[in-house]
Amino acid sequence: MAYWLMKSEPGVFGIDDLAKAERKTTHWDGVRNFQARNFMRDMRRGDRALFYHSNCDEPGVVGVVTIAKEAYPDHTAFDKDDPHFDSDSDPKKPRWYMVDVKLERKFRGTVTLATLRQHEQRALKGLTLLKRGNRLSITPVGAAHWKFILALAE
DNA sequence: GCCAACGTTGGC
DNA sequence: GCCAACGTTGGC
């Protein structure tokens with residue numbers, strides 16, 4: 001089982017939205033970056049991911065989700081009225097994919113980006129999220145980093 | 001294949 | 001709102 005980190009803007013879709021969703025499950029649409037897409041296609045059912053709030057007052061990790069369904073075509077790319085529409089994605093040969101995620105756990109508080117940065121030279125050295133200029137919405141997380149971040153949430 | 005221009009991300 | 005960093009596009 002692999003570990004991941006998935007970013008979402010709470011103003012658009014935050015962890016509380018996921019908590020309110022039917023079966024606490026949603027499809028993770030709108031990824032329009034090739035590297036992030038490739039990571040998403042590597043996801044397997046049962047993998048787990050950190051839910052990260054970006055572009056907000058308190059950026060950081062707010063909970064854990066599990067991958068409930070492996071990558072399948074992102075239909076929003078075919079919808080002209082969708083903000084993520086991409087005319088280059090052909091339904092016969094989809095360019096973009098999404099997965100389903102299910103909420104496993106919401107942290108009591110936020111493990112903030114500032115807290116993660118306090119450990120970036122030691123326990124969290126090499127965490128992709130903390131690398132300079134990283135903007136990927138989906139990144140892998142190593143087992144040791146995963147364990148450490150969950151411990152920070154206690 | 002190079003690279004300038006442009007759009008987006010996301011922390012601050 | 002600012003701006004650094006990055007990905008993508010398109011002219012050449």
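FYI, side chains are in, hydrogens and waters are out, and symmetry mates aren't considered; it's all heavy atoms of this structure. In the text below, chain A, chain B and the rest are named by the order of the sequence lines, each starting its count at 1.
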Inset, instruction - Assess whether ring-ring contact (aromatic ring centres under 6.0 Å, His included) is satisfied between Y97(A) and W28(A), documenting all intermediate values. - result: CA-CA 9 Å; Y97(A) 286 80; W28(A) 202 271; over 10 Å; no
Inset, instruction - List the protein contact pattern of nucleotides 5-10 of chain C with one symbol per nucleotide (5' to 3'): B for base contact, S for sugar-phosphate-only contact, - for none; contact means a heavy-atom distance under 4.0 Å. - result: BBSS--
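With contacts defined as side-chain heavy-atom distances shorter than 4.5 Å, the pair T26(A)/K20(A) does not qualify.
Applying the ring-ring contact (aromatic ring centres under 6.0 Å, His included) test to residues at least two apart or on different chains, the pairs with a partner in residues 110-133 of chain A are H119(A)-F148(A).
One atom, CG of L116(A), and another, P of dG11(B), lie 11 Å apart when rounded to the nearest Å.
The main-chain N or O of L136(A) is found under 3.5 Å from a side-chain atom of K7(A) such that the two form a donor-acceptor pair. Side-chain N or O atoms of T110(A) include none that pairs as donor or acceptor with a backbone N or O of G60(A) at under 3.5 Å.
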